[in-house]
There are 2 protein chains.
Amino acid sequence: MKNIQSYITENKERFLNELIELLKIPSISADSAYKTDVEKTADAVKISLEKAGCDLVEICETAGNPIVYGEKIINKTLPTVLVYGHYDVQPPDPINLWDSPPFEPVIKTTEKHPDGAIFARGACDDKGQMYMHVKAMEFMTSTNQLPCNVKFMIEGEEEVGSVNLATFVKANHDKLKNDVILISDTGMIANDVPSITTGLRGLSYVEVEVTGPNRDLHSGLYGGAVANPINILTKMIASLHDENNHISIPGFYDKVEELSKDERAEMAKAPFNLENYKKALDIDAVYGEKGFSTNERNSIRPTLDVNGIWGGYTGEGAKTVIASKAYAKISMRLVPHQEWEEITNLFKTHFENIAPEGVKVKVTPHHGGQGYVTPIDSIGYQAASKAYEEAFGKAPIPQRSGGSIPIVSLFEQELKSKTILMGFGLDSDAIHSPNEHFGVWNFLKGIETIPGFYKHFTALSK
Amino acid sequence: MKNIQSYITENKERFLNELIELLKIPSISADSAYKTDVEKTADAVKISLEKAGCDLVEICETAGNPIVYGEKIINKTLPTVLVYGHYDVQPPDPINLWDSPPFEPVIKTTEKHPDGAIFARGACDDKGQMYMHVKAMEFMTSTNQLPCNVKFMIEGEEEVGSVNLATFVKANHDKLKNDVILISDTGMIANDVPSITTGLRGLSYVEVEVTGPNRDLHSGLYGGAVANPINILTKMIASLHDENNHISIPGFYDKVEELSKDERAEMAKAPFNLENYKKALDIDAVYGEKGFSTNERNSIRPTLDVNGIWGGYTGEGAKTVIASKAYAKISMRLVPHQEWEEITNLFKTHFENIAPEGVKVKVTPHHGGQGYVTPIDSIGYQAASKAYEEAFGKAPIPQRSGGSIPIVSLFEQELKSKTILMGFGLDSDAIHSPNEHFGVWNFLKGIETIPGFYKHFTALSK
């Protein structure tokens, strides 16, 4: 029987070329101008699942972008793995910082990826990682090594909050019934330090608008006499953190899970080099909540970051204007037990309360989701751990991530099953940034590791 | 001999049509894309000065936009009036807030302008006000009533700091020699409350850039662990005012002219209705430096306003990114005795000093200028006062303005003559804002008032 390594060796050029074709389609879900490209991508994913051996593949329409559903049911008494991924991508802005166009994939070597990396928006997040599952499926079906049932659910709105996926999941409990959910949309510590993500942060994303005078004003004639919405917005945002970088929204920390001394000591053992971290980002110092380490700040602690701000004149040269309005997009990363809808409301109430006289404030919630923690004693985690050990030659480290996949906690609530996060990207892969890339080695290593999960999960389920 | 009123009655349609043609050319000096339009406007101004009776008109090239110079010297023993104005305009952004396109002038009536107002970028600031002088000149030369010598200097970079005009003035003391400088680039209190501007604020305009990590980062993976340049920028800007809205830059107030109790009491007599002011701007409260009235805050007190801010993702929807860079354009309005270059340096030093570890800060000065005060006992002021009294039927009120015409203080320094600021616009004319307009009545009233200034100034100079 053919093994996965030789299958990859024979087919890797084709795998890469297929992924490159998928990456060429600009499936940007945040911008409605790309609606047609989003639909084109869904069609391409459908075709790839059919070719990989699914018996049934459907484009499921939603109020937003379609969900691609595929399945291969070999025996109803065997366990079922549900693979989740997303085919939509982040906007590529700022375009001018890309070394090559975001939707014209190129393979180049980097320090961390001596075998080459594919540079394109979505290369790692998540087209590349999602496609590893399609190719692992192809291997298992074409070589008669699929040990259990498989379902695929690949959505097109992960980058904008998965609102319509939630509706779809709630309405399709039977169709989506499974024993474990498998997702590759996270990262690992390093190519020689495999890790499995056991925790995700939740998210609350809001947009704020501050309105002062009813029109833009001349800053000479009105400057100093009326509330300038930009000045006010900066004051309001600045006040959201205190001098220790604690978030100052009343009630924000009430439900935060506090880790024990032992748990923090365990976390501190993960390999981390502060000097390399600073050097990679070209910063002279890290910055964050007092009393916590860098790895704690970006995983077990909640945060509040402005993701975008704008107002007034932003063109070339100078304009002496007091803008009528100023805006910001603000996201909060949440930790287990913080309820994202409650946090969104706390933010809204607080932000409206701190607005001074002379301005009006509007807070518009965008989307959100709960944090998530996977237990490492589940058979899903154990199956994944064995699969990594076979592929990498060493056991993976369980690791909390700072990122969010809001839908994971909804999966558990609705489908009553645990999610295993097998991520093969690196933090340095620049997801959500210019020059996003995904190592060719990582892409192929993912394809190699995944069939092991199916094998061990089926065996452990007996 | 024909009087000015009947001349206006006979020619007003033509005057308006000529101005409308001038307003159609988008002479935006802040944006180099409009270079050709700027030059086209200079040519149009040249032709208008020739038609108005100037004996010599030149386009004077500079390192930036050209200066139009014109003169009519009737007798070297008579006084010389130098008229200054500008043909460049502010950028029209935000375009979508204009009710009609900014460079397609239309005449519509408003509450304050029942005889109609011309809506177009530059209608009031300053093409309309500058053109009043051209048409007053035409009246005086065509009816043989010019009592003295006249020089025109109409520049194309007032909205971007008049850097090249300064060079031109310094290099042309003889050519520009005059006894008084006349400018219409300010406003008056109301159509039935004529006023002459006796004070202008200075200006320091800077752009700031805050750089954090060397690339945009995923806010989940890095959020809370590195300095977010937008959060930091809001904190830095917020800290520039204390809780009483005093500016917190060390040394900022050191040279500020403090007015006496009597002077402030005199100022407080100017007609002002706070409720109407708030209603016109649709705000529930004014906002500004503690201890000062609205009219004081926007005239005799220095200010610091953000004119533009930007960073991160500002498009549709949501992007969870920590931007590498954040920017703001900040202007400070200064009062007499504050040196603009010194204030720019104080700002730069302070802003660099307050940057926390983890970010780099760059401060780029744009331009600036000194404040200015005109004495009301000069013959220039007296001549203007008499001209207003004849045209309006009542004496004008001397008034300090919050705006800046940075070049005025340079004129005094280089050319050793005082400037008289005869402005005919209203604060509600929305200069620098969408829907800028200039009352037809005001335009014609300006043309009517100006010849009186020449008559009285020549008489008082004897």
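Quick note on labels: first sequence line is chain A, next is B, and so on, each numbered from 1. The shown structure was predicted, so the numbers you read here are calculated from the model rather than taken from an experiment.
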Kindly compute the distance separating CG (A:D305) from CG (B:N228), expressed to the nearest 0.5 Å. 4.5 Å

Under 4.5 Å, counting heavy-atom pairs only, tell me which of B:N231, B:L233, B:V359 racks up the most with chain A. B:N231

Taking A:R201, A:E357, A:R333 one by one, which has the highest count of heavy-atom pairs under 4.5 Å against chain B? A:R333

Considering only heavy atoms, which portion of B:A280 lies under 4.5 Å from any heavy atom of chain A: side chain, backbone, both, or neither? backbone

Holding to side-chain contact (heavy atoms from CB on, under 4.5 Å), I want the full list of residues that pass it with B:T314, two or more places apart in sequence or in another chain. A:W310

Residues forming a side-chain hydrogen bond (donor to acceptor under 3.5 Å, both in side chains) with A:K319, sequence neighbours excluded: none

Among B:N214, B:V160, B:T303, who wins on heavy-atom pairs under 4.5 Å with chain A? B:N214

Rounding to 0.5 Å, atoms NZ (A:K235) and NZ (B:K235) come to a distance of 11.5 Å

Pair count under 4.5 Å, heavy atoms only, with chain B: among A:P302, A:G311, A:S331, A:A328, highest is A:G311

side-chain hydrogen bond (donor to acceptor under 3.5 Å, both in side chains) partners of A:D216, counting only residues at least two apart: none

Just do the side chain to side chain contact (heavy atoms under 4.5 Å, CB included) check on A:L240 and B:T234 with the steps written out, would you? CA-CA 10 Å; A:L240 297 175; B:T234 65; over 6 Å; no

So which of B:T186, B:N435, B:L200, B:I237 has the biggest tally of heavy-atom pairs under 4.5 Å with chain A? B:I237

B:H366 portion near chain A, given a 4.5 angstrom heavy-atom threshold: side chain

We want to know whether A:T320 and B:H432 form a side-chain donor-acceptor pair, criterion being a heavy-atom distance below 3.5 angstrom. yes

Checking heavy atoms, do the side chain of B:Y277, its backbone, both or neither come under 4.5 Å from chain A? side chain

Among A:I283, A:L203, A:L221, A:V286, which residue forms the greatest number of heavy-atom pairs with chain B at distances under 4.5 Å? A:L221

With a 4.5 angstrom heavy-atom cut-off, is it the side chain or the backbone of B:Y313 that approaches chain A, or both, or neither? both

Of A:S433, A:A326, A:P94, A:G312, the largest count of non-hydrogen pairs under 4.5 angstrom with chain B goes to A:S433

If you count heavy-atom pairs within less than 4.5 Å of chain A, which of B:A33, B:G212, B:G187, B:G223 leads? B:G223

In terms of heavy-atom proximity below 4.5 Å to chain A, should B:H241 be classed as side chain, backbone, both, or neither? both

Flag the pair B:Y287 / A:I232 as yes when at least one side-chain heavy-atom distance between them is below 4.5 Å, and no otherwise. yes

Output, in order, the C-alpha distance, side-chain angles, deciding distance and verdict of side chain to side chain contact (heavy atoms under 4.5 Å, CB included) for A:L281 and B:L217. CA-CA 9 Å; A:L281 299 174; B:L217 298 175; 3.7 Å; yes

Can you tell which of A:G288, A:G224, A:P434 has the highest number of heavy-atom pairs within less than 4.5 Å of chain B? A:G224

Between B:P356, B:A323, B:A430, B:S32, who has the most heavy-atom pairs with chain A when the cutoff is under 4.5 Å? B:S32

I'd like to know which of A:G402, A:S401, A:S219 tops the heavy-atom pair count under 4.5 Å against chain B. A:S219

Contact check, side chains of B:K360 and A:D282, non-hydrogen atoms, under 4.5 Å: yes

Proximity breakdown for B:E159 and chain A, heavy-atom pairs closer than 4.5 Å: backbone

On a heavy-atom basis, the closest approach of A:D427 and B:R215 is O-NH2, 3.7 Å

What residue in B:G403, B:P213, B:A225, B:S239 has the most heavy-atom pairs under 4.5 Å with chain A? B:A225

Report, by ascending residue number, the residues of residues 290-299 of chain B in heavy-atom contact with chain A at a distance under 4.5 Å; give 'none' if the set is empty. B:T294, B:R297, B:N298

